[in-house]
Visitor: 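One structure is given below, represented as structure tokens, and several questions about it will come after.
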Amino acid sequence: MKKALITTFILVLILTAGGVTSVIASDHAVITPHQVVSALEHNDVHLQKADDSAIKPVLNHVPAAQYIVQSEHASAQPESISIFTYASAGALQDAVAELEQQTSALESPPVIYEHKNAIILHWTGDSSSDSLNGVLEEALLDL
């Protein structure tokens with residue numbers, strides 16, 4: 001009985017240490033919406049936080065941090081960026097699966113980026129240019 005108890009205790013210690021290691025390792029892979037916005041602004045993309053009363057997309061129970069891309073040309077449907085961040089890889093993968101279902105029926109789906117713990121959607125609006133996509137890809141590489 002004593003041997004089984006000691007074995008169980010050692011097993012719990014090993015599993016706990018593994019869990020602590022994975023939490024520490026995942027901290028290095030975390031980005032925030034603020035970091036994404038700062039990286040884009042560093043690349044001369046000017047963003048304005050969307051109105052709080054605006055309807056925001058939701059993925060896996062997480063509402064997006066929504067930003068409007070400031071442009072020289074006014075348009076009825078401006079470009080926008082939606083940023084979702086998740087606390088775990090499992091939550092991120094669930095969100096990706098949900099996103100695939102939601103966007104499959106859209107006539108104009110967003111450009112989708114998955115980076116570290118985040119999903120970033122670029123909604124092109126009325127813009128026919130894809131120049132922001134290249135800037136967004138470069139900005140994410142810096143994070």
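From a predicted model like this one, the values you see are computed outputs, not experimental measurements.
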Visitor: Please round to the nearest 0.5 Å and tell me the distance separating atom CD of Q35 and atom NE2 of H115.
Guide: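 Interatomic distance, Q35 CD to H115 NE2, rounded to 0.5 Å: 9.5 Å.
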Visitor: side-chain contact (heavy atoms from CB on, under 4.5 Å), that's the test. Do E138 and H42 meet it? Break it down for me.
Guide: CA-CA 11 Å; E138 284 181 38; H42 182 73; over 6 Å; no
Visitor: Among the clusters formed by ILVMFWY side chains lying less than 4.5 Å apart, do V62 and I83 turn up in the same one?
Guide: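 Unlinked, V62 and I83 end up in two clusters.
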Visitor: Would you name the heavy atoms of L143 and K116 that are closest together and state the gap between them?
Guide: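 The pair with the smallest heavy-atom distance is O-NZ, 2.9 Å.
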Visitor: Please confirm whether the backbone N or O of A87 pairs with a side-chain atom of N117, one donor and one acceptor, at under 3.5 Å?
Guide: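 Checking the backbone N and O of A87 against the side chain of N117, no donor-acceptor pair under 3.5 Å is found.
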Visitor: What's the shortest heavy-atom distance between L47 and Y67, and which atoms?
Guide: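 Here L47 and Y67 meet closest at CB-CB, 4.1 Å.
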Visitor: Distance check, rounded to the nearest 0.5 Å: L92 atom CG versus Y86 atom OH?
Guide: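 So the CG of L92 and the OH of Y86 are separated by 7.5 Å.
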Visitor: Are Q66 and P57 side-chain neighbours, meaning at least one heavy-atom pair lies under 4.5 Å?
Guide: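 Side chain of Q66 against side chain of P57, heavy atoms only: contact under 4.5 Å found.
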Visitor: Indicate the atoms forming the closest heavy-atom contact of V58 with P63, along with that distance.
Guide: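 Closest pair (atom of V58, atom of P63, distance): CG2-CA, 4.0 Å.
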Visitor: I'd like to check V69 versus P78 (side-chain heavy atoms, cut-off strictly below 4.5 Å). Are they in contact?
Guide: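 No, too far: nothing below the 4.5 Å cut-off.
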Visitor: Could you state the interatomic distance from CG (L141) to CG (L136), rounded to the nearest 0.5 Å?
Guide: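 Result: 10.0 Å between the selected atoms.
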Visitor: Enter the distance from T124:OG1 to N133:CG here, rounded to the nearest 0.5 Å.
Guide: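 Going from OG1 on T124 over to CG on N133, the span is 8.0 Å.
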Visitor: Compare every heavy atom of S82 with every heavy atom of W123, then report the nearest pair and how far apart it is.
Guide: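 The pair with the smallest heavy-atom distance is NE1-OG, 3.0 Å.
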Visitor: Quick one: do I68 and L132 end up in the same hydrophobic cluster if we chain Ile, Leu, Val, Met, Phe, Trp and Tyr together by side-chain heavy atoms under 4.5 Å apart?
Guide: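 Result: no, two separate clusters.
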Visitor: Decide whether I31 and I119 are clustered together by the hydrophobic rule: side chain heavy atoms of Ile, Leu, Val, Met, Phe, Trp, Tyr closer than 4.5 Å, transitively.
Guide: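 Result: no, two separate clusters.
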Visitor: Give, for atom CG of N60 and atom OG of S88, the distance between the pair rounded to the nearest 0.5 Å.
Guide: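 Output value for this atom pair is 8.0 Å.
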Visitor: Does L99 reach the side chain of L121, with side-chain heavy atoms less than 4.5 Å apart?
Guide: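 Heavy-atom side-chain distance check passes, below 4.5 Å.
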Visitor: How long is the span from the CD1 atom in I120 to the CD1 atom in I112, to the nearest 0.5 Å?
Guide: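 Here the interatomic distance stands at 11.0 Å.
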Visitor: Examine distances only and state if a side-chain atom of E98 and a backbone atom of L59 form a donor-acceptor pair shorter than 3.5 Å.
Guide: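 Pair absent, no side-chain N/O of E98 close to backbone of L59.
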Visitor: Can you hop from Y113 to V37 via hydrophobic side chains spaced under 4.5 Å?
Guide: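 Same hydrophobic cluster.
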Visitor: Scan for salt bridge (Lys or Arg N to Asp or Glu O under 4.0 Å) pairs involving residues 46-60, sequence neighbours excluded, and state none if there are none.
Guide: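 Qualifying pairs: D52-K56.
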